[in-house]
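Here's the structure, in structure tokens; my notes come after.
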There are 2 protein chains.
Amino acid sequence: MIENEPGETETVSGKTRDALRAAHLYYMQDLTMDAIAHELHTSRSSISRLLSHARASGLVEISIHSPLDLPSRLEQEILEHHEVHAHVVPVPDHASDVDRLDRVALSAARILGQYVDSNQTIGIAWGSTMTAMSRHLVPKATHNTEIVQLNGAGNLRTTGILYASELLRRFGDAFGAHVQQFPVPAFFDDPETRRAFWRERSTRRLLDLQSRMDVALFGLGSPFAEVPSHVYQGGYLERADYEALSRDGVVGDVATVFYRADGSSDGIALNERATGPDFSVLRRAPRRVCVVSGRAKIASLRGALAAGLITDLIVDEGTARALIESRDG
Amino acid sequence: MIENEPGETETVSGKTRDALRAAHLYYMQDLTMDAIAHELHTSRSSISRLLSHARASGLVEISIHSPLDLPSRLEQEILEHHEVHAHVVPVPDHASDVDRLDRVALSAARILGQYVDSNQTIGIAWGSTMTAMSRHLVPKATHNTEIVQLNGAGNLRTTGILYASELLRRFGDAFGAHVQQFPVPAFFDDPETRRAFWRERSTRRLLDLQSRMDVALFGLGSPFAEVPSHVYQGGYLERADYEALSRDGVVGDVATVFYRADGSSDGIALNERATGPDFSVLRRAPRRVCVVSGRAKIASLRGALAAGLITDLIVDEGTARALIESRDG
DNA sequence: AAGCCGCATGCACATATGTGCAATGGGAGA
DNA sequence: TCTCCCATTGCACATATGTGCATGCGGCTT
């Protein structure tokens with residue numbers, strides 16, 4: 001976060017003070033913006049902008065509580081079948097996968113604030129889901145919170161996708177948190193290089209952070225879906241790798257670590273070269289938030305659930321329904 | 001709370017479900033009402049009404065967080081000088097006392113939800129401030145919460161003022177709580193009658209509840225202000241009573257129990273006939289929320305603070321400023 | 001001291017939201 | 001089964017809110 005500079009202090013806190021006051025008048029006292037403008041001796045349009053600012057900067061928080069006696073049927077069933085707390089994001093069935101992703105990411109960004117707090121270590125993966133989320137984060141002030149990158153990103157070839165560092169920075173900015181980058185490629189070419197790297201003290205420091213995560217946040221990869229995930233388009237994997245994955249019965253990945261439909265991940269060769277945290281490490285985090293959208297990811301989701309990687313799931317309605325309805329969807 | 005009747009269940013929970021979904025779409029996904037109407041196959045105006053319902057029924061909660069490093073100057077100073085957590089309600093200086101009361105009550109009603117929770121006993125006084133609040137309560141579902149009337153109300157002579165029972169019922173409805181009425185006059189004529197009554201088992205049960213309150217909620221009376229409080233207009237007190245109060249140096253009351261500027265209340269004769277809880281009982285409640293508006297109540301507020309009756313104060317800005325600025329305001 | 005830059009402001013217009021009213025339809029009771 | 005009642009709906013209009021644009025004010029650089 002940018003510290004106030006001399007001479008700027010007044011302006012910055014003045015704006016926040018105004019925003020706070022306008023928010024009180026608008027949300028607590030139900031005054032019209034016109035009336036507020038009058039009270040604050042400014043124009044109505046300035047108040048409109050001030051209130052937008054108040055919302056966007058987390059001064060105003062809007063939350064939705066479903067009555068305890070009326071949980072969403074889907075969320076209830078997911079809890080019963082999979083022992084996972086679900087947030088089902090309503091999305092019309094006819095929505096495109098792009099819409100779906102955007103809407104889930106938007107909701108997820110706003111829900112995320114509930115999980116993040118001071119004095120926490122938060123692990124974050126990268127991918128198209130996380131990128132979409134990063135665009136909509138609502139800031140929340142925290143102290144002593146640290147964000148740690150879960151897996152290497154290497155270089156990207158495709159355009160229009162943010163570098164992982166930019167993505168992490170957005171999360172860091174939103175929570176006033178320090179960011180620990182993980183500057184390695186997504187996959188090493190040689191398992192031995194990875195092992196050597198893992199012995200480096202700077203790497204160990206980061207791995208240590210990962211093992212002490214309070215919250216892990218990730219999307220899911222699904223290598224064989226019709227619309228392959230981010231990782232599978234970036235040129236990280238070669239044809240031979242795909243064939244190996246296919247042979248190993250892989251259905252998905254979390255932070256570039258692969259698993260099968262039954263949740264197992266032993267003996268998957270590619271994992272020896274991957275940079276994401278071993279599932280045994282990941283599972284140490286008491287809260288593991290997974291954001292998923294699109295039915296293409298159902299197989300991947302089932303696998304991740306079977307592997308016990310998820311404690312909190314944010315998912316679009318159609319996918320949630322498909323998850324519950326049939327085991328062979 | 002009205003229980004669902006057969007055949008009504010579907011309708012009621014259907015409406016709540018719709019409201020919940022609409023709220024998600026509106027507040028989490030930023031869809032326009034038009035778009036939501038389309039998704040839910042209804043008209044835009046129905047969505048507008050549905051969202052109003054969602055807000056009014058507490059499904060949607062809007063809260064305002066002031067950044068920890070920027071507390072309101074006034075709130076900060078009140079905390080330092082009086083060891084009380086203040087919520088300062090912004091109100092323009094030129095507002096009338098009626099406006100002031102309305103706006104403070106509206107804000108207070110919305111803040112109240114933060115203090116109320118399941119398994120609590122909540123004591124509530126009555127008066128114009130509480131009446132105004134009762135009109136704006138935002139429902140919040142609780143279990144096993146009990147509301148107990150702090151002081152008797154007797155009969156009222158003036159019109160346009162709700163009977164205490166109606167007032168209490170509104171609080172009870174808002175929190176789904178059971179209400180314990182206290183069917184006695186505000187003041188007994190004879191102290192002996194009061195003592196006798198206090199020995200009754202039904203009374204003792206209620207007094208016992210009062211002594212176990214988790215939250216007490218009250219306004220302040222100020223007998224000698226230009227605009228006298230509710231109690232002083234209702235015909236509860238006679239001229240001789242006023243003169244006695246004046247002689248005793250009384251500056252205010254909480255739930256019809258009087259105190260002096262220094263917070264003392266010993267030897268005030270009228271208190272022997274009053275039905276409100278003794279301050280020693282009141283102070284057992286870990287949270288004691290006081291709602292005050294209007295500079296006329298400053299002397300009364302100072303006294304209540306001196307008596308240590310308040311832990312949380314909701315007050316209009318002008319009064320807060322006057323409280324801080326000069327000791328002889 | 002002058003000039004430049006960037007940001008905040010208010011206006012006017014474009015959208016979005018709130019609400020009185022008449023019409024509709026489902027359900028309780030006769 | 002019929003009728004009446006009341007709650008809910010959508011329309012059309014009234015308000016309220018959002019936003020592109022031109023303007024002007026400070027602050028910083030040259």
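These figures come from a predicted structure and were not determined experimentally. Numbered from 1 within each chain, the chains take letters A, B, ... in sequence-line order.
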D:dT17 phosphate, OP1 or OP2, under 4.0 Å from A:Ser48 side-chain N/O
no
Calculate the interatomic distance between A:Lys15 atom NZ and C:dA8 atom C1'; express it in whole Å.
8 Å
Report yes if a side-chain nitrogen or oxygen of A:Ser45 is closer than 4.0 Å to either non-bridging phosphate oxygen (OP1 or OP2) of C:dT9; otherwise report no.
no
In whole Å, I'd like the distance from the NE2 atom of B:His38 to the P atom of C:dA16.
15 Å
Quickly work out the A:Leu51 CG to C:dT17 P distance and round it to whole Å.
15 Å
Short side-chain N/O contact to D:dA12 OP1/OP2 from B:Arg44, under 4.0 Å:
no
Any idea which of D:dC11, D:dG18, C:dG10 is nearest the B:Arg49 side chain?
D:dC11
The side chain of A:Arg55 is closest to which nucleotide in this list: C:dT17, D:dG18, D:dG20?
D:dG18
Rounded distance (Å) that lies between atom C1' of C:dA8 and atom NE2 of A:His53:
13 Å
Enter the distance from A:Ile64:CD1 to B:Tyr26:OH here, rounded to the nearest 0.5 Å.
12.0 Å
Report which part of the nucleic acid A:Thr42 touches: base, sugar-phosphate, or nothing (heavy-atom distance under 4.0 Å, all strands).
sugar-phosphate
Check: B:Leu50 and B:Asp18 side chains under 4.5 Å, non-hydrogen atoms:
yes
Atom-pair distance (CD1 on B:Ile36; P on C:dT17), nearest Å:
8 Å
A:His136, NE2: over 12 other non-hydrogen atoms inside 6.0 angstrom:
yes
Just the rounded figure in Å: distance from C1' of D:dG18 to CG of B:Asp34.
15 Å
Taking atom C1' of D:dT9 as reference, at what distance in whole Å does atom CG of B:Leu40 sit?
14 Å
Within the structure, does a side-chain N or O atom of A:Ser43 lie under 4.0 Å from either OP1 or OP2 of C:dT9?
no
To the nearest angstrom, how far is A:Leu31 atom CG from D:dA16 atom P?
12 Å
From B:Asn144, B:Thr145, B:Thr142, residue fulfilling side chain to side chain donor-acceptor pair (under 3.5 Å) relative to B:Asn119:
B:Asn144
Is there side-chain contact between B:Ser134 and B:Phe171, with at least one heavy-atom pair below 4.5 Å?
yes
